[in-house]
Amino acid sequence: KVLAGPSMQGRGTFSPGFDRAADFVSEQLKALGLEPLGVDGGYRLPYSLDCVRPKGDCVMEWEGVSAEDKPALGKGYVPMLGSHAGRASAEAVFVGFGLQSKDENWSDYKDKDVRGKVLFAFTREPWADDAKQKRFEGRLPISDSKLRKKVSDAADAGAVGVVFVPDPGVEADDALAFLGACNYPSGRGGGVQSMEGAYNYANIPVMSVSRKAASAIFGEDVNDYLADIEKKKKSRMLKSKGTVSLSAGFEVAPTQTYNLAARMRGTSKAPDGEREVLVLGAHLDHVGLGVQQEFGGTGIQAFPGADDNASGSTALLEVAAAFAGAQPEIDILFLWFSAEELGLLGSAAYCENPLYAHARTVAMLNMDQIARTDPKEFNVGGTWSNETWARLVQDQAKRVKSKLKVDFKGGRDLFARSDQYSFHQKEVPALFFFEGKLEDNPVYHKPGDVPDDIDPGKMTQVARVFAACAWAIAMEGERLR
């Protein structure tokens with residue numbers, strides 16, 4: 001429930017929510033006493049991706065801004081991915097949610113002149129987190145709250161720029177802008193122009209600032225402003241104290257993110273460089289708040305990813321806890337990957353610069369989505385070419401008295417879609433522990449993948465078989481090579 005909670009924002013790579021998830025996992029690893037293998041004595045193992053990202057000369061400033069209130073690029077303000085490059089300098093107006101909806105009888109533009117102005121708006125819609133609210137379809141975003149439509153409506157009304165302010169349900173920290181859509185791997189989505197085409201925003205700069213900065217610009221606490229809108233069921237227009245200037249632009253450049261790495265050192269006397277290792281992994285990321293997944297074509301809402309892959313990430317923590325204090329013969333490397341949802345980029349980055357040579361990596365076991373579909377069965381992929389591997393898994397399932405049937409036949413179409421595949425490509429024996437039959441999962445990559453209805457019993461059973469296989473390899477000398 002922690003990893004799939006609201007504050008994690010769907011754990012999109014590059015997002016504050018992913019950082020919070022990583023902090024949570026790191027705290028658990030520290031408590032277990034696992035050795036950190038990241039930088040500065042921590043568990044974060046950095047790597048870089050070429051990304052479409054904000055240029056360093058982007059600007060967000062206003063008349064009379066103090067050094068204390070001036071936000072920093074990448075924290076207090078960012079251009080929104082897909083924005084056209086451009087500048088604007090004008091009076092700013094805050095018009096609620098920047099929303100026009102005939103179906104909901106709501107217009108934030110009524111009796112408001114925004115021509116020639118920089119338009120500020122909250123990211124979502126009224127009562128966005130109220131499941132009981134009859135208006136605005138409860139927690140489901142209405143079609144009129146799409147970012148693309150909001151930008152289009154603003155441009156049609158004559159605004160010269162749009163600035164989105166995250167409501168507390170999108171970003172709890174008053175000092176942070178909406179950071180869930182400002183970086184994207186160029187190898188996956190193309191360059192700057194490709195991003196502009198994918199988002200298809202109107203040809204005005206689109207940015208985001210924090211609630212703290214917006215409050216300074218308009219001389220009013222925008223948290224109170226939001227509460228007043230929802231209480232009175234209509235918006236009023238705020239005006240800036242002076243001119244607001246902004247500049248948006250993107251470039252393709254190396255951008256740092258990270259995996260998490262922790263080690264349980266084995267009893268082997270072999271020197272570093274000659275030690276063998278078992279890698280146990282799960283991806284920590286998910287698809288975030290849906291903006292990058294839909295390229296601005298939907299309203300912002302969290303994709304919690306309880307099954308995908310908070311289940312595997314949590315189970316890997318439980319395996320680490322179960323192994324704490326043990327004395328394996330070989331080293332055990334625990335990895336939580338980022339950017340799996342962006343194309344296995346985190347595991348691929350690790351495999352290009354591994355902590356252990358691939359020839360010394362005796363096996364890689366990966367858990368991804370282990371808490372839904374058939375409650376009586378799960379899949380282990382990767383055994384098709386070697387019956388010995390299947391027998392190992394089956395023997396360990398019997399050893400822990402698992403009540404689940406192990407399917408070894410399915411999953412071929414999914415094997416290349418999770419992180420063990422990066423190791424498989426480097427000829428490391430790799431097994432994929434998965435719930436099976438993805439077509440039977442109705443909430444895959446949907447906002448409905450919430451903790452309340454996952455199958456904790458299945459998750460526990462899969463984790464026990466996974467742990468038993470890891471134990472047999474690391475403690476008892478079983479090998480997949």
Side-chain angles (χ1 to χ4, degrees), residues 59-60 62-63 77-128 135-136 141-167 170 177-178 181 196-197 199-209 211 213-214 217-220 222 225-226 228-230 232-248 291 294-300:
V59 172
M60 170 58 70
W62 57 95
E63 288 184 47
Y77 79 96
V78 288
M80 295 280 284
L81 196 65
S83 170
H84 292 271
R87 299 175 177 271
S89 184
E91 179 187 17
V93 292
F94 205 139
V95 292
F97 296 90
L99 181 65
Q100 294 194 104
S101 175
K102 292 182 180 179
D103 292 340
E104 297 294 341
N105 191 28
W106 185 282
S107 176
D108 285 315
Y109 288 85
K110 185 178 180 181
D111 300 324
K112 300 178 181 73
D113 185 4
V114 303
R115 289 175 295 179
K117 307 291 198 300
V118 175
L119 185 142
F120 281 61
F122 288 116
T123 44
R124 297 191 293 171
E125 59 194 55
W127 311 293
R135 295 187 67 185
F136 292 93
I142 62 172
S143 61
D144 290 319
S145 70
K146 297 175 183 176
L147 296 183
R148 186 180 300 146
K149 185 176 186 301
K150 286 189 177 187
V151 175
S152 177
D153 286 345
D156 289 346
V160 295
V162 172
V163 180
F164 287 113
V165 179
D167 63 79
V170 169
F178 176 50
E196 291 176 359
Y199 279 83
N200 196 27
Y201 287 146
N203 193 16
I204 55 176
V206 181
M207 303 190 74
S208 176
V209 300
R211 293 190 299 280
I217 290 170
F218 293 100
E220 180 174 336
V222 298
Y225 174 56
L226 173 61
D228 185 62
I229 293 172
E230 294 187 333
K232 295 180 179 178
K233 300 182 180 180
K234 63 178 181 179
S235 67
R236 55 187 172 88
M237 185 166 73
L238 304 181
K239 295 184 178 181
S240 63
K241 299 177 181 179
T243 298
V244 172
S245 299
L246 56 87
S247 172
V291 178
E294 302 294 340
F295 297 110
T298 186
I300 294 173

Practice item. Start with the C-alpha gap between Val165 and Phe94, add the side-chain angles, then the distance that decides, and say whether side chain to side chain contact (heavy atoms under 4.5 Å, CB included) holds. Key: CA-CA 10 Å; Val165 179; Phe94 205 139; 3.9 Å; yes

Next item on the list: Show the numbers, then the answer: is there a side chain to side chain contact (heavy atoms under 4.5 Å, CB included) between Arg135 and Trp106?
Entry: CA-CA 10 Å; Arg135 295 187 67 185; Trp106 185 282; 3.8 Å; yes

- Would Asp228 and Lys232 satisfy salt bridge (charged side-chain N to carboxylate O under 4.0 Å, His left out), going step by step from the backbone distance to the final call? CA-CA 6 Å; Asp228 185 62; Lys232 295 180 179 178; 3.4 Å; yes

Steps toward side chain to side chain contact (heavy atoms under 4.5 Å, CB included) verdict (Leu99, Lys149) = CA-CA 9 Å; Leu99 181 65; Lys149 185 176 186 301; over 6 Å; no

Exercise. Between Leu147 and Met80, is a side chain to side chain contact (heavy atoms under 4.5 Å, CB included) present by the stated rule, with each step listed?
Worked result: CA-CA 10 Å; Leu147 296 183; Met80 295 280 284; 3.9 Å; yes

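In terms of heavy-atom proximity, Thr243 sits nearest to Ser89 at CG2-OG, 3.2 Å. Scanning all heavy atoms of the two residues, the minimum distance from Tyr199 to Ala181 falls at OH-CB, 4.4 Å. Contact record, Ala248 with Pro205: CB-CB, 4.0 Å, taken as the closest heavy-atom pair. Between Ser152 and Ala202, the closest heavy-atom pair is CA-CB, 4.3 Å. Of all heavy-atom pairs spanning Val95 and Asp108, the tightest one is O-CB, 3.2 Å. Between Met207 and Ser247, the closest heavy-atom pair is CE-O, 3.5 Å.
Listed by chain and number, the residues in a ring-ring contact (aromatic ring centres under 6.0 Å, His included) with Tyr109 amount to none (sequence neighbours excluded). Shown here are the salt bridge (Lys or Arg N to Asp or Glu O under 4.0 Å) partners of Arg124, two or more places apart in sequence or in another chain: Asp129, Asp167.
Put simply, CD1 on Ile217 and NZ on Lys241 are 10.5 Å apart, with the number rounded to the nearest 0.5 Å. Rounded to the nearest 0.5 Å, atoms NZ (Lys150) and CZ (Phe164) are 6.0 Å apart. Here the CG-CE distance, from Asp113 to Met237, works out to 7.0 Å after rounding to the nearest 0.5 Å. Taking OG from Ser107 and NZ from Lys102, the interatomic distance works out to 10.5 Å, rounded to the nearest 0.5 Å. Interatomic distance, Ile204 CD1 to Leu119 CG, rounded to the nearest 0.5 Å: 8.0 Å. One distance of note links NZ of Lys233 with CD1 of Ile229; it measures 14.5 Å at 0.5 Å rounding.
Counting heavy atoms from C-beta on, the side chains of Glu125 and Ser101 never come closer than 4.5 Å. Between Leu238 and Glu220 the shortest side-chain heavy-atom distance falls below 4.5 Å. In this structure, the side chains of Phe178 and Ile300 come closer than 4.5 Å at one or more pairs of heavy atoms.
Between Phe122 and Phe97, the two ring planes are tilted [angle within 30° to 60°].
For the pair Glu230 (side chain) and Pro126 (backbone), a donor-acceptor distance under 3.5 Å is absent. Using modelled atom types, no side-chain atom of His84 and backbone atom of Glu196 make a donor-acceptor pair closer than 3.5 Å.
Within 6.0 Å of CZ in Arg236 there are more than 12 heavy atoms belonging to other residues, nucleotides or ligands.
Between Phe218 and Phe120, the gap from one ring centroid to the other is short of 6.0 Å.
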